[in-house]
Amino acid sequence: MIMANIVLLTDFGFRDEYVGIVKGVILKINPQAQILDLTHEIPPQDVAWTAYCLASAYKFFSKETIFLCVVDPGVGTKRKIIIVKTKDYFFVAPDNGILTRVLEKDNPEKIIAVRNKKFFLPEISSTFHGRDIMAPVAAYLSRGVALSEFGPEIKMIKKIALPEVIIKDKCISGEIIHIDHFGNLITNIDKNFFAQVIKKNKFFIKIKDKKIFRINTSYSQSKKGELLAIWGSRNLLEIAVSQGSAVKELRIKKGEQVTINLIIDA
């Protein structure tokens, strides 16, 4: 069986030739491959955001899809390159924690340490393993090459500590983990976690010196230029400005604190 869908997730951007070369390598090995771009605009070397981004997206693709994930600050070092098979999907990635959140949702059925140079390009650059190792491995995998051909099975891969949401003194404390194209501030506060803690209590959200007393169901619930909170498509709390940019309005950066505070009636 030929598995045709390969989804690319990288921090390459589109300014340089890197994305096009990776696609060329794949298609030279498997001309039938269907290549899709998840995004190439991951902030450079941002493994933590890659983990969030991948986990929010992968289940929207058909079963047997191969995700080729190249955000690799350790390129050229002895870090492993791995193939992970879950029940429905395959992931080709450096062993640097990219798959942390995916494997919180899906248990791996097999983890392979990629070692068989038969499936690499003949010359390996120390700065472009995405082209020379990971792209050809994904392409051969899409042609139906058995997992065992790529290298030995291993049990453990690296996981990273992602920003924690802390509950203390009737306050949920999270942080901004990403700023999107629209200037919206993505936090690590999950909708289900919020519902379990806040329940039906009154609350306000505090970011810098601003307070927000509700969570919108749409951007249009707030007037143009008004600061708002909303549950984004990833089910993470987002701070936005109606028809504007929250990052410009607040002059804020990634890592800054966002709190949800219970209002206790006297």
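Just so it is clear, the model here is predicted, and its values are computed rather than measured. No hydrogens, no waters, no symmetry mates; every other heavy atom, side chains included, goes into these values.
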message: Is it the case that over 12 heavy atoms from other parts of the model lie below 6.0 angstrom from the OH atom of Tyr18?
response: no
query: Given the rule in the side chain to side chain donor-acceptor pair (under 3.5 Å) test, do Thr86 and Glu109 qualify, once you have shown the distances and angles that lead to the verdict?
result: CA-CA 5 Å; Thr86 63; Glu109 290 189 350; over 6 Å; no
field: Lys253 backbone acceptor or donor facing Glu256 side chain under 3.5 Å
entry: yes
query: Counting only N and O atoms by type, is there a donor-acceptor contact under 3.5 Å from the side chain of Lys208 to the main-chain atoms of Arg251?
result: yes
message: Is a donor from one side chain sitting under 3.5 angstrom from an acceptor on the other, for Gln221 and Thr217?
response: yes
hydrophobic_cluster_shared for Val241 and Ile239, side chain cutoff 4.5 Å: yes
- prompt: Under 3.5 Å, side chain of Arg143 to main-chain N/O of Ile29, donor-acceptor pair present?
  reply: yes
message: Please verify the inter-ring angle class for His40 with Phe14; under 30° counts as parallel, over 60° as perpendicular, anything in between as tilted.
response: perpendicular
- line: Heavy-atom closest pair (Pro136 atom, Arg131 atom, distance to 0.1 Å) is CD-O, 3.1 Å
query: Any side-chain donor paired with an acceptor under 3.5 Å for Gln257 and Ser173?
result: yes
query: Quick check: are there more than 12 heavy atoms from other residues, nucleotides or ligands sitting under 6.0 Å from CD of Glu164?
result: no
query: Phe90, Ile81: one ILVMFWY side-chain cluster at the under-4.5 Å cut-off?
result: yes
message: I'd like to know if the side chain of Lys248 and the backbone of Gly183 have a donor-acceptor N/O pair within less than 3.5 Å.
response: no
query: Just wondering, are more than 12 heavy atoms of other shown residues or ligands nearer than 6.0 Å to NZ in Lys85?
result: yes
- line: Between Lys80 and the options Ile111, Ile154, Ile157, the side chain to side chain contact (heavy atoms under 4.5 Å, CB included) test singles out Ile154
field: Whether Asp72 side chain and Pro94 backbone form a donor-acceptor pair below 3.5 Å
entry: no
Donor-acceptor contact present, side-chain Thr259 to main-chain Asn261, <3.5 Å: no
same_hphob_cluster(Val70, Phe120) at 4.5 Å side-chain heavy-atom cutoff: yes
message: Please find the pair of heavy atoms, one from Leu236 and one from Trp231, that lie closest to each other, and give the distance.
response: C-CE3, 3.6 Å
query: Under 3.5 Å, is there a donor-acceptor pair linking the side chains of Tyr58 and Asp106?
result: yes
Ile82 with Ile112, same ILVMFWY side-chain cluster at under 4.5 Å: no
query: What is the distance from atom NZ of Lys254 to atom CD1 of Ile252, rounded to the nearest 0.5 Å?
result: 13.5 Å
message: Would you say Ser218 and Asn216 are linked by a side-chain donor-acceptor pair, where the criterion is simply a distance under 3.5 Å?
response: no
task: Say whether, by atom type as modelled, one donor and one acceptor occur between the side chain of Asp180 and the main chain of Phe182 under 3.5 angstrom.
output: yes
task: Output yes when a side-chain donor or acceptor of Thr50 lies under 3.5 Å from a complementary backbone atom of Asp46, and no otherwise.
output: yes
- request: Identify whether the distance between the nearest side-chain nitrogen and carboxylate oxygen of Lys117 and Asp132 falls below 4.0 Å.
  value: no
query: If you round to the nearest 0.5 Å, how far is CG of Leu237 from OG1 of Thr187?
result: 4.5 Å
query: Less than 4.0 Å between a side-chain N and a carboxylate O, is that true for Arg234 and Asp190?
result: no
query: Do any N or O atoms from the side chain of Asn184 and from the backbone of Glu238 form a donor-acceptor pair under 3.5 angstrom?
result: no
task: Taking atom types as modelled, find out whether Ser62 and Asn5 have a side-chain donor-acceptor pair closer than 3.5 angstrom.
output: yes
- request: Check whether the ring centres of Phe150 and Phe119 lie less than 6.0 Å apart, and answer yes or no.
  value: yes
- prompt: What are the two closest heavy atoms between Cys53 and Thr39, and how far apart are they?
  reply: SG-CG2, 4.2 Å
query: If you look at every heavy atom in Ile98 and Val71, which pair is closest and at what distance?
result: CD1-O, 3.3 Å
- request: Kindly assign one of parallel, tilted or perpendicular to the pair Phe213 and Phe204, based on the angle between their ring planes and the thresholds 30° and 60°.
  value: tilted
Glu149 backbone acceptor or donor facing Asn116 side chain under 3.5 Å: yes
message: Assess whether a salt bridge exists between Lys23 and Asp37, defined as any Lys/Arg side-chain N lying under 4.0 Å from an Asp/Glu carboxylate O.
response: yes
Minimal non-hydrogen separation, Ala48 against Leu162, with atom names: CB-CD2, 3.8 Å
- request: Would you name the heavy atoms of Ile260 and Ile198 that are closest together and state the gap between them?
  value: CG2-CD1, 3.9 Å
- request: Classify the angle between the aromatic ring planes of Trp49 and His178 as parallel (below 30°), tilted (30 to 60°) or perpendicular (above 60°).
  value: parallel
message: Looking at Lys211, I'd like to know if its NZ atom is crowded, meaning that more than 12 non-hydrogen atoms belonging to other residues, nucleotides or ligands lie closer than 6.0 Å.
response: no
- prompt: Is there a chain of hydrophobic side chains (I, L, V, M, F, W, Y, each step under 4.5 Å between heavy atoms) that links Ile26 to Val19?
  reply: yes
